[in-house]
> 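Got a structure here, written out as structure tokens. Questions coming.
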Amino acid sequence: QVQLVESGGGLVQAGGSLRLSCAASGRTFSNYNMAWFRQAPGKEREFVAAIKWSGISTYYADSVKGRFTISRDNAKNTVYLQMNSLKPEDTAVYYCAAARDTRATMTSSQYDYWGQGTQVTVSS
């Protein structure tokens, strides 16, 4: 069992930056692929970024490529999402997710554990 707790969300002006953190419980964090998804009001949850268990491979949605960076610190059981050049369309609840399957990348159904989410609001 893995429990995930997100933090770092908030209100920021367009063009600003935020760093989200996701702290995971359990001793096997380094075995899991990790990802961030987001859900805006009235829209379906969508993939944002993912990182393999080793931290070597990363994946990004086209809408955030070049602006967001996913990283992980296995010693701290934490995954991060650095978000730069934020846009109003980035406004959403951001969720952290963990997958036992090391082939998991961009599909939400591949992920076994989810956090409660953290709100990110970008004002224009």
Side-chain angles (χ1 to χ4, degrees):
Q1 187 77 9
V2 174
Q3 291 185 323
L4 304 172
V5 179
E6 302 98 334
S7 62
L11 174 64
V12 64
Q13 288 188 332
S17 299
L18 283 174
R19 188 174 84 152
L20 305 183
S21 299
C22 173
S25 65
R27 295 175 293 176
T28 59
F29 173 78
S30 60
N31 293 344
Y32 290 81
N33 285 8
M34 301 296 295
W36 290 94
F37 291 79
R38 67 186 182 186
Q39 188 166 18
K43 294 187 177 181
E44 294 188 352
R45 189 172 298 186
E46 65 174 1
F47 169 76
V48 176
I51 187 167
K52 290 280 193 173
W53 61 273
S54 63
I56 293 176
S57 298
T58 57
Y59 307 85
Y60 296 95
D62 288 342
S63 58
V64 306
K65 204 170 293 184
R67 300 188 297 122
F68 290 11
T69 303
I70 189 171
S71 62
R72 66 190 296 161
D73 185 337
N74 287 343
K76 295 183 178 180
N77 281 13
T78 302
V79 63
Y80 304 98
L81 185 68
Q82 178 66 45
M83 305 186 295
N84 298 329
S85 302
L86 283 161
K87 304 175 181 179
E89 51 263 44
D90 294 319
T91 295
V93 177
Y94 284 70
Y95 297 91
C96 174
R100 292 189 298 261
D101 188 344
T102 57
R103 297 167 297 178
T105 52
M106 298 180 286
T107 304
S108 61
S109 61
Q110 295 175 307
Y111 289 83
D112 305 291
Y113 304 103
W114 293 82
Q116 293 299 307
T118 185
Q119 176 71 47
V120 171
T121 302
V122 184
S123 63
S124 57

> Any sub-3.5 Å donor-acceptor pair from N77's side-chain atoms to S25's backbone N or O?
no
> Less than 6.0 angstrom separating the ring centers of F37 and W114, yes or no?
yes
> Are any side-chain N or O atoms of E6 and backbone N or O atoms of Y95, one a donor and one an acceptor, separated by less than 3.5 Å?
no
> With under 30° as parallel and over 60° as perpendicular, where do the rings of F68 and Y94 fit, or are they tilted in between?
tilted
> Report, one line per pair, each donor and acceptor closer than 3.5 Å where one atom sits in a side chain of residues 40-50; sequence neighbours left out.
unit_1: E46; atom_1: OE2; unit_2: R38; atom_2: NE; d: 2.6
unit_1: E46; atom_1: OE2; unit_2: R38; atom_2: NH2; d: 3.1

> Transitively linked via ILVMFWY side-chain contacts under 4.5 Å: V93 with L81?
no
> Scan the side chains in residues 13-24 for donor-acceptor partners under 3.5 Å anywhere in the protein, sequence neighbours excluded, and list what turns up.
unit_1: S17; atom_1: OG; unit_2: N84; atom_2: OD1; d: 2.9

> Carefully, step by step, assess M83 and V64 under the rule side-chain contact (heavy atoms from CB on, under 4.5 Å).
CA-CA 9 Å; M83 305 186 295; V64 306; over 6 Å; no
> So, do M34 and L4 sit near enough that their side-chain heavy atoms are less than 4.5 Å apart?
yes
> Taking all non-hydrogen atoms of both residues, which atom of N74 and which atom of F29 are closest, and how far apart?
OD1-CE2, 3.1 Å
> Do Y60 and T58 come within less than 4.5 Å of each other through their side chains, counting heavy atoms only?
yes
> If you count heavy atoms of other groups shown closer than 6.0 angstrom to CD of Q3, is the number above 12?
no
> Is the backbone of T105 close enough, under 3.5 Å, to the side chain of Y111 for a donor and an acceptor to pair up by distance?
yes
> Assess the residue pair T69 and Y80 against the criterion (side-chain contact (heavy atoms from CB on, under 4.5 Å)); give the C-alpha distance rounded to whole Å, side-chain angles, the decisive distance to 0.1 Å, and a yes or no.
CA-CA 8 Å; T69 303; Y80 304 98; over 6 Å; no
> Taking the six-membered ring of Y32 as reference, does the NZ or CZ atom of R72 fall below 6.0 Å from its centre and within a 45° cone about the axis?
no
> Quick one: does any side-chain atom of S54 pair with a main-chain N or O of I56 as donor and acceptor, under 3.5 Å?
yes
> Decide yes or no for Q119 and T91: does some side-chain heavy atom of the first lie under 4.5 Å from some side-chain heavy atom of the second?
yes
> Are side-chain N/O atoms of Y113 and R100 paired as donor and acceptor at under 3.5 Å?
yes
> Assess the residue pair N33 and R103 against the criterion (side-chain contact (heavy atoms from CB on, under 4.5 Å)); give the C-alpha distance rounded to whole Å, side-chain angles, the decisive distance to 0.1 Å, and a yes or no.
CA-CA 8 Å; N33 285 8; R103 297 167 297 178; over 6 Å; no
> So, do V79 and C96 sit near enough that their side-chain heavy atoms are less than 4.5 Å apart?
yes
> Could you check whether any side-chain N or O of T121 sits under 3.5 Å from a backbone N or O of L11, counting only pairs where one atom can act as donor and the other as acceptor?
no
> Is any side-chain heavy atom of T102 closer than 4.5 Å to one of W53?
yes
> With the threshold set at 4.0 Å, does a side-chain nitrogen-carboxylate oxygen contact exist between D62 and K65?
yes
> Is the side chain of T78 donor-acceptor paired with the backbone N or O of K76 at a distance under 3.5 Å, no angle test?
yes
